[in-house]
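Reviewing the structure listed below.
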Number of protein chains: 2
Amino acid sequence: MSNIRQVANLAGVSVATVSRALQQPERVSPKTRNKVMLAVNEVGYKPNLMAVKFRSGKTHSLVALVPTVANVFFARVISGMQVAAAQRGYTILLANTLGDETIEANYAKMVQTSQADGLIQLRAHNPFDASINKPNELLPMVNACEVMHDINCPVVTLDNRAAAKAMTMHLIEQGHKRIALIKGPQSSPLTRERLAGYRDALTEAGLTFDEALLYPGDFTLQSGHDAATKIIASEHRPSAVFCENDETAIGAMQCFKQVGLRIPQDISIAGFDDISFSAFCDPPLTTIAQPAEEFGQSAVSLLIDLLEGKITKAPKVIMPFELIVRASTGPAPTS
Amino acid sequence: MSNIRQVANLAGVSVATVSRALQQPERVSPKTRNKVMLAVNEVGYKPNLMAVKFRSGKTHSLVALVPTVANVFFARVISGMQVAAAQRGYTILLANTLGDETIEANYAKMVQTSQADGLIQLRAHNPFDASINKPNELLPMVNACEVMHDINCPVVTLDNRAAAKAMTMHLIEQGHKRIALIKGPQSSPLTRERLAGYRDALTEAGLTFDEALLYPGDFTLQSGHDAATKIIASEHRPSAVFCENDETAIGAMQCFKQVGLRIPQDISIAGFDDISFSAFCDPPLTTIAQPAEEFGQSAVSLLIDLLEGKITKAPKVIMPFELIVRASTGPAPTS
DNA sequence: CGTTAAAATGTAACGGGTTTCATTTGGTTA
DNA sequence: TAACCAAATGAAACCCGTTACATTTTAACG
């Protein structure tokens, strides 16, 4: 591998001149510039950016902690992150953490060991160890989905409570009185916020909240299927099911259809996220659309601003949601 | 940020001793080691790994060129890559290229500028520019899906032709005589290989190959839906449709159901990949299962071996496939 | 032609580790 | 106690760019 000194020798100039010829061509005479360029081409010189980054102390890399890239919603967020990062000359280092705090901590260490400038977290968990703690100073981190309550951190999120309430209201307006809720992972604030929105709607409509209508889930197809199995077996079957994400809804939908329930005539189903598959279900899924790509873009942009000292407070960016009514929800059965 | 010199001063030893105390503790007397560790903790020293990488000339980073992380199959491959990389102390830098050759080239440059040691490509395209060319030497690259014909490069792949043939045979055995094929992107060798397998089966069964039964697609839900629309409108409707991936199949399936066709009674549908959604379709999709995670793992493992000089030839690893028969395929209608 | 400012170029320090080689320390043996 | 070897430690080079500062060249003007 050639280095700048070889180029300098070949061109008969100093290394400083080579560096300038490449970085600020106008600072070098055309004649010299020419000589340098010829030498660069001859030896196929490519600057060692590792050296540059080391020297500058800036890596222009950002670690993204993603519970699982296999989640279609996260895939969209990642996509957005990459776009914004590329625009501003940064690289995203994607970490598939499987929600494991040890793995998260390992990747977070990349920031503490100068391998990355900052970190984007998609879960509500602080991955840094105590050694980084500086009171009165923001950590080099933003959250692209969930609000973290124990730490002051910029966040891009959705009014999950309002969105869940809107969806629940939609179901109530269709005449549903017993609405099941298939929840997300216990550890996620999202789960609690959406549950709160669900309760808000019930309260507002004067319906009673029934613990028995809450089913656990973990945002996977399988967990939706499992919860649906329980719902079918339950005594007083609900006429609608609100799932805290689309994958759960699709899993549940399949289960209901397997046992011969018609959607939405016998049971309505609603999801959350509007992943691409939702429009292609049978029937197409009523859901909440989130601007996933913009979550990622916004988060990256915020993080870079923070790193470059352009912001010192931790903003909370609330993205808009949209209720998408498709064919999976309909009037409650009259029986 | 503290550095090794501060630690050395505080501990009253040389920087060399600090380095050794941390890297090879047995080479330092227990007493000194203790002093060093106390100093390390006191200043919260974390070695600057950027400096280490720069010094060593090894980044222990691998660039992965992924056309789109939103593709569920690729998401599984990525997952596998990450596991294998972590095991061997490497980091994956994920690049969402959208199939754009300029973006690919930009990321490939990271290898040429010493920011990454090697590259994993998921498409059949050489992202490197000519300047890296060394005849008789392998590029620091492996392909995790598609065989590249113009370049000698280790590859992990599937016998796509055999798999497509197996699926087509399955349909033929069900009595289907007119089988449509919804293809993948033109640029992908996968598309051609699967087409070849489809033809193989037809030939073997003595059925005639009909160009009119070939429909273009690009591995998205929407393209499946579009192709299905054309199939429905076609004169002599096929009784089965083989889609070159599951997303296409799911898109097509929805379209058929929308117009009232029953699956598989009226029309059979088969996919390729066995993504998680396929088991949760209605009806569940007959497909070809590929060990996606192992594609990623194998590719990373191969690349690291190559980088570490453990292999000098370019192996071609063929992974096994499995025909998964579910309810979306059935006997051809007798009419 | 001499003076002076501006432009061009060169020299060398710097960043933060690792590692080689040299030196010192410590313990063992005669 | 002297001699010797191994273990422990230190000094300094090294990786490769960038850049502040010093020096040289060029051009312009009186």
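Letters A, B, ... mirror the listed sequences (proteins, then strands); counts begin at 1. Every value quoted in this text rests on a predicted model; they were computed, and no experiment measured them.
Contact annotation: A:Thr17 side-chain N/O to C:dT9 OP1/OP2 distance is not under 4.0 Å. An OP1 or OP2 oxygen of D:dA8 is reached within less than 4.0 angstrom by no side-chain nitrogen or oxygen of B:Thr32. Close to C:dG17, at under 4.0 Å from its OP1 or OP2, lies no side-chain N or O of B:Ser56. An OP1 or OP2 oxygen of C:dG17 is reached within less than 4.0 angstrom by a side-chain nitrogen or oxygen of B:Tyr45. Residue A:Ser19 places at least one side-chain N or O closer than 4.0 Å to OP1 or OP2 of D:dT18.
Between B:Val28 and B:Val36, the closest side-chain pair of non-hydrogen atoms is not below 4.5 Å.
Each of D:dT18, C:dT9, D:dG10 was ranked by its minimum atom distance to the side chain of A:Gln23; first place goes to D:dT18. Here D:dA11 is the nucleotide among C:dG10, C:dT18, D:dA11 with the atom lying nearest to any side-chain atom of B:Ala16. Closest to the side chain of A:Asn3, from the set D:dA20, D:dG17, C:dA8, is D:dG17. Picking from C:dG10, C:dT9, D:dG17 the nucleotide with the shortest atom distance to the side chain of A:Val13 gives C:dG10.
By the 5.5 angstrom centroid cut-off and the 30-degree plane limit, A:Phe54 is classified as not stacked against the base of C:dG16.
Projected onto DNA chain C by closest heavy-atom contact, B:Ala51 and B:Lys31 fall at different nucleotides, the more 5' of which corresponds to B:Ala51.
Whole-Å rounding puts the B:Met1 CE to C:dG15 C1' distance at 13 Å. The distance from atom CZ of B:Arg20 to atom C1' of C:dC21 is 11 Å, rounded to the nearest whole Å.
The local environment of CD in A:Glu294 is sparse, with at most 12 non-hydrogen atoms from other residues, nucleotides or ligands closer than 6.0 Å. Heavy atoms of other residues, nucleotides or ligands lying less than 6.0 angstrom from CD of A:Gln24 number more than 12.
Interface remark: the A:Arg55 side chain does not form any donor-acceptor pair with the D:dC16 base, using a distance-only criterion of under 3.5 Å. Not a single donor-acceptor contact under 3.5 angstrom links the side-chain atoms of B:Arg5 to the base of C:dG15.
Between the OG1 atom of B:Thr113 and the CD atom of B:Gln115 there is a distance of 4.0 Å, given to the nearest 0.5 Å.
For A:Asp117 and A:Lys53, the salt-bridge test fails: no basic side-chain N is under 4.0 Å from an acidic carboxylate O.
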